[in-house]
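For reference, the structure is listed below as structure tokens.
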Protein chains: 2
Amino acid sequence: MTETPAPAPRSRQAQKQASRRALLDAALALLERQNLSGLGVREVTRAAGLSPAGFYRHFADLAELGVVLVQESLANLHEMVRAVFAGSGDPEQLIDRSVEVIDAHVAEHAAYIRFLARERHGGVKPVRDAVGAELRHFAEELAELLALRPELAGWSAGDRRMLAELYVDRMVTTALALVEADPAERAAIADTVRTQLRLINLGSRHWKAS
Amino acid sequence: MTETPAPAPRSRQAQKQASRRALLDAALALLERQNLSGLGVREVTRAAGLSPAGFYRHFADLAELGVVLVQESLANLHEMVRAVFAGSGDPEQLIDRSVEVIDAHVAEHAAYIRFLARERHGGVKPVRDAVGAELRHFAEELAELLALRPELAGWSAGDRRMLAELYVDRMVTTALALVEADPAERAAIADTVRTQLRLINLGSRHWKAS
DNA sequence: GCGTTCAGTAAACAACTGTTTGCCGAAAAT
DNA sequence: ATTTTCGGCAAACAGTTGTTTACTGAACGC
């Protein structure tokens, strides 16, 4: 008498996107314990509940799928950095907020972060290049935000870029360290990076002032 | 008439070590374009000129071979850092010498560096752990050397360790960037890292003095 | 209602994989 | 001189792999 739960009369594109998501999710899960260059098409389709041939309706390659995962991994980056810079301008608080955001993000999207760590220097060139391009882009964005800060007035674009790269790199390395550490170590890691960022900030305040 | 070049009446252990080296070298070469988790035993033995079964006379696993490669990759680290610290104590020159040494080392042992970059966060746990342990050890060594420097007198062990990690990390990241960059970019990368190290040094000079 | 589109399938392809087995032959040990 | 050791090999094992093929059937555009 109840309405049949229905075999879900999903529209075609909805169903297609569902399959695509299943492939991406299955791959991401498998990549927690494996490298992309060691992953197999059949392995992914098996985990996603598709037939092997079905894979090719969505991607030409596993590399292509990998590039999509890279974009998804870094999709929220812009919002995150802007949210950090939105609040109070005090460098101390800015540092604290940055580390908080990273810590939360790593906790919530561990699989994506691990994937990035694995493939940043991994064996699949298109994926490696995609990660590099996104991180370079991120450094640019940070450099622009740094240009707006009063305490860095008078810095050359090159020096701002240099500082931005230093910060980005510290953040990335920290995220990778956090994702591989067991929970007990995480607080100590966050503490260390806070101190390091403060030291860098201190250095930048005396830069060119010497 | 001439003495036959001889089928090389090598002693047994000499021959065994030659095969072992062939396996390691073949694997290292293959890993320039591939990840360890995507490498195959047969692939390695084929490139090394052995039969597949021959592999197991030397290693139980590809992971085992990987760990040996990690150790070889970082074997010269101690000599390198001590050589850098041996000369003049001026921080500026120390930075310049460090970057020079890294640059030369990367140029000469590109394959090993690439391997480390790939497997530092790669999918094979024993190898990943071996890299992590060696780098932690390296940070410890640097922290000890920093303790001897007059300008850091009065620093706590924790702070010295924090600074050492910051330096090590910057070095490692630079090495990985250099090995993937094309030759035209390398000078710019070296320049940037020199500036960043100077900024860190500046920060450490004002640390606790504020 | 009716032909078209197209995501998903099963089956087949040849080629590849890690690992074990028993054996060989030469170096080493006695 | 004879026995033992052992690095290397060929062969076989039971899988696995990526990719293409022709097909099905339901959602689509009209």
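Since the model is a prediction, treat every value here as computed from it, not as a measurement. Here is the naming used below: chain letters follow the sequence lines, and residue numbers restart at 1 for every chain.
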A/L116 vs A/L74 side-chain heavy atoms within contact, under 4.5 Å = yes
Residues from residues 12-35 of chain B lying under 4.0 Å of DNA chain D - heavy atoms = B/R12, B/Q15, B/K16, B/S19
Measure the distance from [atom1] on [X] to [atom2] on [N] and round it to the nearest whole Å.
{"X": "A/R57", "N": "D/dC23", "atom1": "CZ", "atom2": "P", "value": "14 Å"}
{"X": "B/R42", "N": "D/dA12", "atom1": "CZ", "atom2": "C1'", "value": "10 Å"}
{"X": "A/F55", "N": "C/dT9", "atom1": "CZ", "atom2": "C1'", "value": "17 Å"}
{"X": "B/F59", "N": "D/dG7", "atom1": "CZ", "atom2": "P", "value": "13 Å"}
{"X": "A/E43", "N": "D/dT16", "atom1": "CD", "atom2": "P", "value": "11 Å"}
{"X": "B/L39", "N": "D/dT17", "atom1": "CG", "atom2": "P", "value": "17 Å"}
{"X": "A/D61", "N": "D/dG18", "atom1": "CG", "atom2": "P", "value": "11 Å"}
{"X": "B/H58", "N": "C/dT19", "atom1": "NE2", "atom2": "P", "value": "16 Å"}

Begin with the C-alpha distance, continue with both residues' side-chain angles, and end with the deciding distance and a verdict on side chain to side chain contact (heavy atoms under 4.5 Å, CB included) for B/L145 and B/R82.
-> CA-CA 9 Å; B/L145 287 172; B/R82 301 216 172 261; 3.7 Å; yes
Does CD in B/E140 sit with more than 12 non-hydrogen atoms of other residues, nucleotides or ligands closer than 6.0 Å?
-> yes
When you look at CD of A/E32, are more than 12 heavy atoms from neighbouring residues, nucleotides or ligands closer to it than 6.0 Å?
-> yes
Side chain to side chain contact (heavy atoms under 4.5 Å, CB included) between B/F59 and B/V67: does it pass, once the steps are laid out?
-> CA-CA 11 Å; B/F59 307 99; B/V67 172; over 6 Å; no
Nearest-nucleotide pick for [X], side chain only, options being [options]:
{"X": "B/A53", "options": "D/dT21, C/dG22, D/dA10", "value": "D/dA10"}
{"X": "A/V41", "options": "D/dA22, C/dT17, D/dG18", "value": "D/dG18"}
{"X": "A/L50", "options": "C/dT9, D/dT16, C/dA28", "value": "C/dT9"}

How far does CD of A/E92 sit from CZ of A/R194, to the nearest 0.5 angstrom?
-> 10.5 Å
Ignoring backbone atoms, establish whether A/Y56 has a side-chain N or O less than 4.0 Å from OP1 or OP2 of D/dT20.
-> no
Given the rule in the side chain to side chain contact (heavy atoms under 4.5 Å, CB included) test, do B/L94 and B/R149 qualify, once you have shown the distances and angles that lead to the verdict?
-> CA-CA 12 Å; B/L94 217 138; B/R149 295 196 61 81; 3.4 Å; yes
For A/G40, answer base if it contacts any base atom (sugar-phosphate contacts may also be present), sugar-phosphate if it contacts only those atoms, and nothing otherwise; contact means non-hydrogen atoms under 4.0 Å.
-> sugar-phosphate
